[in-house]
Every structure is written in structure tokens, then in C-alpha cells.
Amino acid sequence: MEVKGKVYRVAGPVVTVVDLDTKMYDVVKVGHEGLMGEVIKIVGNKSIIQVYEETSGIKPGEPVENTGLPLSVELGPGLLESIYDGIQRPLSVLKDEMGNFIKRGVSADGLDHDKFWEFNACVKKGDTVKPGDVIGTVQETENIEHRIMVPPNMEGGEVAEIKSGKYTVDDVVCKLKDGTELKMAHRWPVRAPRPVTKKLAPKIPLITGQRVLDAMFPVAKGGTAAIPGPFGSGKTVTQQQLAKWSDANIVVYIGCGERGNEMAEVLNEFPELEDPQTGRPLMERTVLIANTSNMPVAAREASVYTGITIAEYFRDMGYDIALMADSTSRWAEAMREISSRLEEMPGEEGYPAYLSARLAEFYERAGVAQSLNDATGSITVIGAVSPAGGDFSEPVTQNTLRIVKVFWALDAKLSQKRHFPAINWLNSYTLYQETLAPWFTENVAPDWNDLRGKAMEILQLEAELNEIVQLVGSDALPESQQVSMESARMIREIFLQQNSFHPVDTYCSFDKQYKLLKSIMRWDELAAKYLADGAPVKALVAMDSKAELGKIKYEENFDAMLTDVMNKMEAEFAEIGSGGY
Amino acid sequence: MVKEYKTITQVAGPLIFVEKTEPVGYGEFVNIRLADGTIKRGEVLDTSEDVVVVQVYEGTGGLNKDCAVTFTGDSLKLPASIDLLGRILSGSGLPRDGGPQIVPEKMMDIYGAAMNPYSRAQPEEFIQTGISTIDGTNTLVRGQKLPIFSGSGLPHMEIALQIARQAQVPGSTEKFAVVFAAMGITNEEAQHAMADFEKTGALERAVVFLNLADDPAVERLITPKMALTTAEYLAYEHDMHVLVILTDVTNYCEALRQMGAAREEVPARRGYPGYMYTDLAGIYERAGVIKGNKGSVTQIPILTMPGDDITHPIPDLSGYITEGQIVVSQELHRKGIYPPINVLPSLSRLMNSGIGNGKTREDHKAVSDQLYAGYAEGRDLRGLVAIVGKEALSERDKKILEFADLFEDQFVRQGRSENRTIEDTLQVGWNILSSLPKAYLGRIDNKYIDKYYPENKAE
């Protein structure tokens, strides 16, 4: 076995090495500085390596060493609240070692190896443990109990020794009879999905507090969703809203090839924001992976795998994870860049022919699963897509749509009108509506699904009528349709529009969503009734209470106010009905 | 002694292929000596034991197999010095103003390393440009990269120069500098910009890099990197607030495509290389503010959209990296409105962190949203009027239609040297909003309407 070879050729992030025994996806150290890279192709005596760091100055003839191990992440206590680059190097450690700019040749552990954690054993001497079994717990943050598991790639056996106490992740906390030593942390290769006992069907919604998502296009816990949209349509804001407010236990946020200043914003905001369910800082349930667009492209390719592997690890403990990848298009472009350096035959628009397979593999790692220790956890994957030119027919969007079940189509037209979230209600869809309907009936309100259906019908009708209005003006419509147009406007402006920068409106509970929608539909119902009794459209449309209804969403304790507004509305209707206009 | 090689085997476009070298590093800086003694410079793009590919900045004209190639063992560096201020340099950093060579205080790698996102401070300091459509509705903040998307024949350069002249942080007296990088612009445009710099005395606090249309295209590829390295030096070593104007990014991308084609790479969309996003990010992402550091780098790149098509790969990829865009419109320009900025497709992503109470004014966001909503609706109605005539409109629609005209005429339109403070801008905003009844102002909180709606003020 030759573990040392030498550099033969350097072309950007792709380095060719000769005389080195390698397997596919082995991690190698390139050059005198030991830059980290990964084997992505083997041709005869030559191994082709993608290097995760800047390669300038590397010369042919420099030594290359094979670690013999695949690219893997370190999993154990200390993951939460961390901010990593694409290959799980903590950015804070990189800053301490290299200053404000990321230079190269620095390796850093994903976890803090000096920190002591309080380990509570939950098995005892003589117990038999299988792979995936929980042997103890660590209270990692106030609300998250980190469950230490037997790594799935170990055999397990009878416990010979285990003791609670304070340990670092390097200390042995448990010994098995066959001499196997278990620590609180283990490594797992990022490109291999962690095994589960079985996958289950998703049936609970991921509650996001965003009205257009929860009410109109809900995603299930364990489901997959895509947010495609041209630039400036609000992908990143939507992703960040989801990261902030969705009711997952843990959020993994992958900033893949995106803006540095946006990551700075997340880093500034998350420690300040409160988790609406627990009241603790959001950061305590978050793992951030930030590989901005100007950081090495190969590490960008890896960042998505790093993120999903961390998500799977927490899922195995029985948690619900929401994973945001912003943006999968940048990931696909990283693949394209590497592929073109390898001089591979391209598929559509220069993307590699395996693009579709890679995307499918990634999204397949989502789902509700019964883990090896019989806990049930889930990973919901929400991928942003940045279609070139806002054109949804491009390969990344199309290949993503073939896999995901929820499609939140962002629309530049809406964002120009400052309708946020700019999710187009006509193009978007969810395939979970049926599966989730029973949950809504039981947990929100028995008539929730009907209300939603009616609101969607009105919006649909509006779209059709708009074409006529464009030609002949709105006064030419029959009166009943003028009322529907007004209802649609209320649904759009009061219900669908939500101000993510408003302290109250940024999160809307299901209770509030239901009451708001119910109130709007009540207007629709009454207006139709009074119209039939001969009330004039103009008077109905000009009601004061409607404008007041629009302000309810900005109130924290809205119940009393809403009751007032609704009483006023009924009174106004009664007045109109009695001819008092 | 550095070795000279006379082993060029191929010259193709801007590339030369050199054989039988000692090991050469990737990205090394190369000197090529021609028979007549001229020196051309280049950079290693691909290195292996058999052949080294070099990209020549000054073009390969006059090169042949007899030229002597030396590899310097180091990458291209910028001689950074505070004396760069007031100088005019070529696109690759050589003096162009007849002045002396730069005596470097520090040699800096022009490719720069990526800023650690963890070190970044969130940009939130409002920059007042004096232009209402920017300050009021698409606010620029320190550390932002906000490009101007323009088209051929539009006054984007005027706008950029006006910003360079007027930009200031209200109430601050900190050191300020402009780095101006021209890539492939015409001599005439460059003259115009230089004249403006000299007239206003801005040249003293500016560093100018000029790569003109007849300079080699390859040189364009390093011009923005030179400029940004200078900017980083001034910002982080001398605590200055630096505004970088890059024009025209479209020419830069054309040069990138030309290089890609010369290297026989597999192209992505419209013949542009697949790594164009990463490459542009390497430029744009160098804007920012570092925690605990006084200086900042703010970028205003200018790009002309081929065929006014915002979905063209150049504006498209830029838009995905930059923090918004200012879109200059043919339509407004034809109407004789300066600056012809169309606010609807324009956007500043960092606006929300730079405005509001204590930064600009409490009602800023609400006013901006209301202006947007009203103007967007008014523009839609113009389409309708063209079909059904004004008479068919409802009372409300007529008001909105008028509002859109007022918006263009009073809010957008302003003089070429009119420097509006943020209060002026918001006042213009309220003045035109007062043409609408209060009930239409659904985006504005009642308390601001009470406070700022003009008739109330008069009371």
C-alpha cells in the first residue's frame, strides 16, 4: 500500500495525483501544507482529487498523503449552536487561527474536544446494547437532550463498564465486554445515509407560523419542499422565516454558496430571537453551515452532505429536524464546475448527467423514520432553488420538482408589488393536503379544510375574472362577482400577506390563522347574502370594519379586538340591510 | 537565479503553452520577454509535469516560440500604499498618469481570501446618496454591494458619479475614499469620469484603474481584483470607508467567456463558463464590514444588460450574489426623467437593517412600502387605461393613476447635482402620498399618518 504519492497536475480546485493507492471518496492531504481533498475519479495510476481549499502555489511533484478514510463529520455533544464551513470546520475556530480572512491549510475539529459534558448513563453493566441504542444522555442546551448512541456501524454487545460523570468527547464513557470502547462522539461518512429500521409515512404538518404556507400549502414533518424563485423574490427571507419559526426541535441551516452578509445577519439575529415554543434563544436549537459563494467550490459541494448527516444524527435520537438548504442551485453549480474540470460529457446546460440522481439521493434522506433504537424522528428538507433567469424550466428546478412534494413558487411580480411572502397561490402546490386533512380537522378546527378550500376557490375565480377586468373594467362585472373580487382582495391583503419584519405578524399561530380566515369568509358569506337581498355593492365594499380587520394581524392579543371588529361588521351589515346607506 | 524558458510550444488566443519546465505552482505570476525587450505578464492557469498553460494579461500579440518565459514563484501582487490615492493606474496596476512607480508599503495578493462569515459585522450604517429613489426606496448601507443594472445609452455613469460625489453618512466625518475600476469602457467615457473627478476635487481621495476598450481583454480579468485589493487595503489598514465603482461588469464577463472559449471549456448558459457565478462572487463578496474594524468596503458595480434583458446570465448571476439592484429604465429615460431609476424591479436587501428610528426615521419603511404599492398599482392601471380609457376607471383608480405620475415627476425626477437629505426625500414622499385619501394608505400605521400626513402637519 502506497500512502504517499505526488502531484502531477493542478487546474483550479482539481488536482491530479500519481502513484497513490486510493479508493473513491478517500480524503487525502495535498501538498506541503496538507490541503484537504477528496478522491472523485481514478484513472489507471492517476487519482483525481477535488480540493476543499484554494490551490494556488501548489506545484507538480509536491507530496500527497492518503488518509484512507472517507469525508466524514464528527457527531456528538457540541453540535448545537455551532457555525461550520462546508466541511464541518467551526468558523469561530478558523477565525481564531487565521484571522478575519479564510486562508488555508488549517484543520479544525467539528466538536470542542476540551469541553466537559455531564454524561448520564441510561444503561447499566450487563445490559446488551445494539447499534443505535441510547447508552446515556447529555443535556446539551436547556431544551435539547443529546442522546448518546452506539454508532450504527459498530456491533454492540454486553456492557462491561459505564459510568455517569463529566467527560470530554475524547473520553471513553462505556466499555463493552469484547473490549470495544464507546465515546460520546463518533464519526460518520457524509455521503452515506445513516441506517434506520424503517421509513414511515408523514402525517403531521410542520407548523411554520406563515399563513400562506400553513394554510394554503402545508408541508408535512418529514416531507420535502422546494422554494424556487428569481433573485429578489424572497427565497432567503422565506428560508430564514422557516428556520426561525417552524416547530421542529432542531434546525439545520445550510447557507450553500450564498451571501456573506446574509450569513452575518443570521449569526447576529438568531442568538437574539426567541423560540416561540420554548422561549429560549433560537440559536440553542440551530446548527449553521455557512459556505458562502466565494469560499472554495468543492467545500460547497460537500456542505449539503455535511448538513444532512448532522440532521440524520439528531433524527436518530427521535427529534424532528427542519433542514433548509439555501440554495441547492449553487450546490448543483458546484457539481457542474467540478464536472467540467474533469472534462466529463455534460448533460443539459453543462450540468453533469448525474445531477438528477444526486438531487434525488439528497432529498431521499428526508422522511419520517423509526430509528435503530425505535425512536421516531423526522427530517423535513426545504430546498431553495435559484433558477437562472427565473425560468422554471431549467434543469435544477425541473429535476427538483420531480422529487419534492411541495412547491412554493416565488413570483417576482408579487414581490415588486411588495406582496410578501411572494408565494404565488396559483402556481404553488402541496401533495400533503389529503394526508394532513385529518390532523387539521382534529387540531385546528372541524371546518378548517372547508374554509381553506373556499378561499382557494375565490382566489382561483379572481384570477379568471382578472382577465375580464383587464379588458372591460371591474364595473362591468356582475355584482356577485364584484363581491368575490373584494373577498379575494381581502384574502390576499389580510391573510396571505404577512410582514416578516413586524414583531407580531412575523409569526401567526394556527388559532389566529383560523380566526382571521374565518372572519374574512364570514364577510364573504354575509356580503353574498345581503347582496341577494338587494344591498348595493358599493356600500358593501366601502364598509369600515374591513379595514380594521386588516390591522388585527399586527396585534398580539387580538381576541377582544377581533370580537369588536366582527360585532361592528355585523352591525354595518344590518344597517346596510335596513337600507341605511 | 530565476530560470528562463524558451520552450513555448503553442500560442492560442490569450494562452501560451510552455513545456519542460521545473515544477511550476498553480496561479504563479509569469513574465514573458519578447525579442524586442518588451515584457508581458501572465498567470499560470494549469500546471502539470508535461505542460504549463499561461494566460497573458497584455495579449499575445507579437509572441512567438523564441520568447523567454520566467516563472516568478509567486502570485500577482498589488503594491499597496496610501500613496495610491490620487493615482491613475492601468488595468493591471501600472502607473498610467506619468507619475512615479508606487513604493509599496505592503505587497498584497490580489485574489484575496474569502472573508470568514463569522468575522463579518452586519452592514447597517445608512449611506445617504442624495438620490431619492435610492435613499428612500432602495437604501444603500455601508458594506453592501448594490449594482446598477442598466442598458446601452443610459446615464448609469452619471448616476454612479453622482453617488460618488454625494455619498456620505449623515453626521459622520470619517475618512472616505473612492476606488474606480474601469473595465473595457471607451476612452470617451473614461475622460468624462476623470473630468468629473477632477472638477469636484474627488480625485485626491480616489484611486483609478483604467482598462479601456482597446486594452487587452485579459487584463480586464484582473482589474476588479486590483481595485478591490486596494479597497481592502485602504479599508482595513487605514480605517477608511471605501466606495468601489466597477464599470462595466458586462465587459468583464465577456472577457471571461473569451478565456473560457480559448481554453476549450464546456460552456454553460449562452457560452459563458460554468464557474462564472463563483468568479463573480469572488468579486462581489469582497464588500463588507469586519467586526471590530473601522473601515468598510461598499461596492457599486455597473453592468449593462445585453438587450435590456434582466434574465441574461450576467445580470442574472449578479443579482443572485449582490444585495439587490438598482434598475435603470429606458422608458423613464425616454420620458426625460433623470435619474431614470425604475424602483419596481429595484431592490436593496439590506435596506431594512439600515433604516428606521435612530438611523433614518421611524416612518421610512412604511412610506417606502406605500410608495411602492401605489406606484405598482398605478403602473398596472396605465395598461388598463390604454384599453378602456380613463373614464371607465373608478374614483380610487383615478387617484392611484395620478399618484403614479406624481411619483415619477416629483419623487424619481431630480437634478443632476441635487443632493436631497433623507428628510427631504421622505417629505417628497409624504407630499405625493397626500394626493391620496388617508384611507388608501393601508401600509402605514395610523400613528405615522397622524404625525406626518401633510395636512396634519399644517394644523
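Each chain gets a letter, A, B and so on, in the order the sequences are listed, and its residues count up from 1. Hydrogens, waters and symmetry mates are skipped; everything else that's a heavy atom, side chains included, is used.
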**Prompt:** For the candidates B/P117, B/A376, B/S394, which exhibits the highest count of non-hydrogen atom pairs separated by less than 4.5 Å from chain A?
**Reply:** B/P117

**Asked** Do A/E265 and B/R349 sit within salt-bridge range, that is, some charged N less than 4.0 Å from a carboxylate O?
**Response** no

**Prompt:** Measuring from B/E323:CD to A/E262:CD, what's the distance to the nearest 0.5 Å?
**Reply:** 6.5 Å

**Message:** Before you tell me yes or no, could you show the steps for B/T278 and A/E337 under side-chain hydrogen bond (donor to acceptor under 3.5 Å, both in side chains), namely the whole-Å CA-CA distance, both residues' side-chain angles and the distance that decides it to 0.1 Å?
**Reply:** CA-CA 9 Å; B/T278 309; A/E337 202 172 322; 2.8 Å; yes

**Asked** Of all of B/P345, B/G288, B/G282, which one pairs up most often with chain A through heavy atoms under 4.5 Å apart?
**Response** B/P345

**Message:** So, taking the atom named CD1 in A/I102 and the one named OG in B/S119, what distance separates them when rounded to the nearest 0.5 Å?
**Reply:** 8.0 Å

**Message:** Heavy-atom pairs under 4.5 Å with chain A - which of B/Y375, B/Y284, B/Y372 has more of them than the others?
**Reply:** B/Y372

**Prompt:** Under a 4.5 Å heavy-atom cutoff, which of B/G27, B/A281, B/A287 has the most pairs with chain A?
**Reply:** B/A281

**Message:** Counting only heavy atoms not in B/Y26 (residues, nucleotides, ligands), do more than 12 fall under 6.0 Å from its OH?
**Reply:** yes

**Asked** Between the main-chain N or O of A/G260 and the side-chain N or O of B/E285, is there a donor-acceptor pair closer than 3.5 Å?
**Response** yes

**Prompt:** Roughly how far, to the nearest 0.5 Å, is CZ of A/R259 from CZ of B/R120?
**Reply:** 11.5 Å

**Asked** Taking all non-hydrogen atoms of both residues, which atom of B/R443 and which atom of A/R418 are closest, and how far apart?
**Response** NH1-O, 2.9 Å

**Complete:** So NZ of A/K95 and CE of B/M115: to nearest 0.5 Å the spacing works out to 11.5 Å

**Asked** Is the backbone of A/Y84 close enough, under 3.5 Å, to the side chain of B/Y118 for a donor and an acceptor to pair up by distance?
**Response** no

**Straight-line distance of A/N261 CG to B/E124 CD, nearest 0.5 Å** = 11.0 Å

**Asked** Around A/K538, counting heavy atoms of other residues, nucleotides and ligands shown, do more than 12 lie under 6.0 Å from its NZ?
**Response** no

**Request:** Verify the neighbour count for atom NZ of B/K291: are there more than 12 heavy atoms of other residues, nucleotides or ligands below 6.0 Å?
**Result:** yes

**Fill in**
One should read off an interatomic distance between B/N116 CG and A/K103 NZ, to the nearest 0.5 angstrom, of 10.5 Å

**Item:** Residue pair B/D50 / A/Y8, side-chain donor-acceptor N/O under 3.5 Å
**Value:** yes

**Request:** Look at B/Q325, B/K365, B/E377 and state which one has the largest set of heavy-atom pairs under 4.5 Å with chain A.
**Result:** B/Q325

